[in-house]
Amino acid sequence: MRYYKWSQQGEGRKIGKLGNYCLYEKTITEGKCEETQKPFTPQTYGSFRFIYGPSAGGLLESIKFVITTNGEKILGIEAEVYKNRTIKISGLPIDDAILKVERINAPFSASHTIAFLLSIEDALELELDYQTLLKRIAEIELERIRNHLFVIARLAETASLNVPTFHLLHLVEEVNRLIGKSCGHRYFFGVNSLNEVRCDFGNLLKIIDITKEFKQIFDGLVESRIFIDRLQENGKIKDENSVGPSARAAGFDYDARKDFKVLPYDDLGFKTITTHESDSFGRFLVRGLEILESSKMLVALYDMIKNNNTNYEKTKESYKKVGEGLVRVESPSGDLAYYVNLDNGIVKSVSLLTPSQVNLSLFLKSVTNTIFTDFQFNWESYGIWVSELGVKLE
């Protein structure tokens, strides 16, 4: 491993549970990683438990919440994922494993595939093509813009603001079409392989028009007292073990683009966005401002990317090695990591850490003692994908 070292103790911030291990900013350790003690839920006069899930109409994702309440205030909450999948990766050749990985969570397909490939390339000790790395940044930043637009659309929909909701969903579709025209697939399926990206980013400047439209909507939402009243002080939490927009909304300068330099973000003048709101409004602000920042990077990339590649054929000669690799990238919702062991071109074992598993824990902490009518705004502000939560890699 070129980027990580094994240690008895964590070094740097804790990222989260990675298979049977605990991942920190600079080290990986064996042993306990997550809190195992359930939070205490007080039972008051007249309190009761009820189940909230997709069948209630509020949630898109297939997750069940068991909420203890005395009528308005949420006294305690537990979550149960019931879209569970076991995906067999071990024993597969690298190219076959990629097909499985890119379908774990389609909205984050680029982040998953690139983190997996970078970990494989780490294990193979490959020298990576600079143009490939630039194109991978373009993929992840397009994915970030699409995801953040969708999360903000869900927040606007929860506030029954139909015009900005549908306008934002229209922009999501515009990003999908830009990705499809550039890469041949709206979710980057089939475009990534070892040391190679099969995309033509000649239309990348289309993102300027999309983000100009978004800026008008964003400014309107920030000025809407009806909207921000539902977000401010809702789900307020400041936790040093948070990741992604949830961390940056609480003032933590956590970002794998800055503190894990496997991709050349420094060459693009990248700037981390932070606020000190610590609530749903802060998470909304970070996502909105990150859309504008990602757009600036994509414009810079347009002048840097040359649509030629690569030393792919040379790379194939390096398949037959034994080694381990560990890499994380900054997906739209935070750190996403893969740890792999290779044996002569075959994936021997693989472990996955997703931002959704960290963010779900943070959400459950933040929702206690809020009122149920604020629940939906808080939930949407985290951008959690259950397809990542319920997956088990073998």
Side-chain angles (χ1 to χ4, degrees), residues 60-61 102-115 135-157 164-192 197 199-201 203-218 221 244-246 248 255-257 263 265 268 270 273 283-299 301-302 329-334 336 354-356 359 380-388:
L60 284 181
E61 293 286 288
E102 67 185 7
R103 286 161 174 78
I104 288 174
N105 180 17
F108 286 10
S109 174
S111 299
H112 273 270
T113 309
I114 291 168
K135 290 180 181 179
R136 287 175 177 177
I137 291 177
E139 288 184 60
I140 293 176
E141 295 312 310
L142 283 167
E143 192 166 82
R144 190 180 321 282
I145 290 174
R146 176 177 61 192
N147 178 76
H148 287 1
L149 286 170
F150 180 73
V151 170
I152 294 173
R154 290 289 299 164
L155 286 168
E157 183 181 13
T165 299
F166 291 124
H167 199 163
L168 287 162
L169 292 176
H170 162 72
L171 295 182
V172 170
E173 175 60 20
E174 287 295 306
V175 177
N176 280 333
R177 291 178 181 181
L178 173 57
I179 295 171
K181 193 165 187 177
S182 301
C183 300
H185 195 285
R186 296 152 66 99
Y187 292 98
F188 301 107
F189 288 179
V191 306
N192 292 292
V197 174
C199 292
D200 180 345
F201 288 111
N203 294 301
L204 203 53
L205 293 184
K206 170 70 176 171
I207 201 66
I208 296 175
D209 297 330
I210 295 172
T211 48
K212 273 185 180 175
E213 282 191 57
F214 165 71
K215 180 69 165 52
Q216 291 181 329
I217 304 168
F218 182 61
L221 290 173
S246 304
R248 296 191 284 277
D255 197 313
R257 292 174 290 180
L263 294 171
Y265 275 95
L268 303 172
F270 164 69
I273 303 294
R283 294 185 280 276
F284 156 76
L285 278 181
V286 166
R287 290 183 190 280
L289 294 173
E290 285 190 349
I291 288 173
L292 305 178
E293 186 65 21
S294 294
S295 176
K296 290 178 188 174
M297 284 192 279
L298 289 170
V299 172
L301 281 167
Y302 178 79
V329 301
E330 186 70 20
S331 79
S333 291
L336 188 156
T354 71
S356 291
N359 282 318
E380 300 295 351
S381 72
Y382 282 92
I384 293 169
W385 291 99
V386 172
S387 55
E388 290 186 336

Salt-bridge criterion met for Arg287 and Glu290 (N-O under 4.0 Å): no
Close side-chain approach of Val191 to Glu139, heavy-atom, < 4.5 Å: yes
Could you tell me the separation between the CG atom of Leu292 and the NE2 atom of His148, rounded to the nearest 0.5 Å? 10.5 Å
Is it the case that the side chain of Thr211 and the backbone of Ile208 share a donor-acceptor pair, with hydrogens and angles ignored and the cut-off at 3.5 Å? yes
Basic-acidic side-chain contact under 4.0 Å: Arg144, Glu141: yes
Going through the checks in order, is the side-chain contact (heavy atoms from CB on, under 4.5 Å) test met by Phe214 and Ile152? CA-CA 10 Å; Phe214 165 71; Ile152 294 173; 4.0 Å; yes
Are the charged groups of Glu173 and Arg177 less than 4.0 angstrom apart, N to O? yes
Just by distance, no angles: are the side chains of Ser246 and Asn359 close enough, under 3.5 Å, to form a donor-acceptor pair? yes
Using a 3.5 Å distance criterion without hydrogens, assess whether the side chain of Ser356 forms a donor-acceptor pair with backbone atoms of Trp385. yes
Would you mind reporting whether Phe201 and Leu142 have side-chain heavy atoms less than 4.5 Å apart? yes
Determine the minimum heavy-atom distance between Arg257 and Met297, stating which atoms define it. NH1-CE, 3.8 Å
Is there a side-chain contact between Glu330 and Leu263 in this structure, where contact means two heavy atoms from C-beta onward sitting under 4.5 Å apart? no
Tell me whether Gln216 at atom CD has more than 12 heavy atoms from other residues, nucleotides or ligands lying less than 6.0 Å away. no
Would you kindly say whether Glu102 and His112 are connected by a side-chain donor-acceptor distance under 3.5 Å? no
Residue pair Leu169 / Phe150, side-chain heavy-atom distance below 4.5 Å: yes
From Leu301 atom CG to Ile207 atom CD1, the distance as rounded to the nearest 0.5 Å: 11.5 Å
Taking the side chain as C-beta and beyond, is there a heavy-atom pair between Pro107 and Glu143 under 4.5 Å? no
May I ask you to decide if the ring planes of His167 and His170 are parallel, tilted or perpendicular, using 30° and 60° as cut-offs? tilted
Compare all side-chain heavy atoms of Leu171 with those of Glu213 and state whether any distance is below 4.5 angstrom. yes
Going by distance alone, is a donor N or O of one side chain under 3.5 Å from an acceptor N or O of the other, for Thr165 and Glu157? no
Is the shortest heavy-atom distance from the side chain of Tyr265 to the side chain of Ile137 under 4.5 Å? yes
Interatomic spacing from OG in Ser109 to CG in Asn192 - rounded to 0.5 Å: 7.5 Å
Distance in Å, Lys135 NZ paired with Ser182 OG, rounded so as to fall on 0.5 Å steps: 11.0 Å
For residues Phe108 and Pro355, report the shortest heavy-atom separation together with the two atoms involved. CE2-CG, 4.4 Å
Hey, is CZ on Phe189 packed in by over 12 heavy atoms from elsewhere, all under 6.0 Å? yes
Roughly how far apart are Leu155 CG and Arg283 CZ, rounded to 0.5 Å? 9.5 Å
When you measure from the side chain of Ser333 to the backbone N and O of Gly383, does any donor-acceptor pair fall under 3.5 Å? yes
Show the nearest heavy-atom pair for residues Leu298 and Leu204, with the distance to one decimal. O-CD2, 3.4 Å
Derivation of the side-chain contact (heavy atoms from CB on, under 4.5 Å) call for Glu388 and Leu336: CA-CA 10 Å; Glu388 290 186 336; Leu336 188 156; 4.0 Å; yes
Does one side chain, of Ser331 or Ser111, offer a donor that lies under 3.5 Å from an acceptor on the other? no
Quick one: sort the Phe218 and Phe284 rings into parallel, tilted or perpendicular, breaks at 30° and 60°. tilted
Strictly distance-based, threshold 3.5 Å: is any side-chain N or O of Ser295 a donor or acceptor partner for the main-chain N or O of Ile291? no
Distance col, row Ile145:CD1 vs Ile210:CD1, nearest 0.5 angstrom, shows 7.5 Å
With heavy-atom distances below 4.5 Å as the criterion, would you say the side chains of Leu221 and Pro164 are in contact? yes
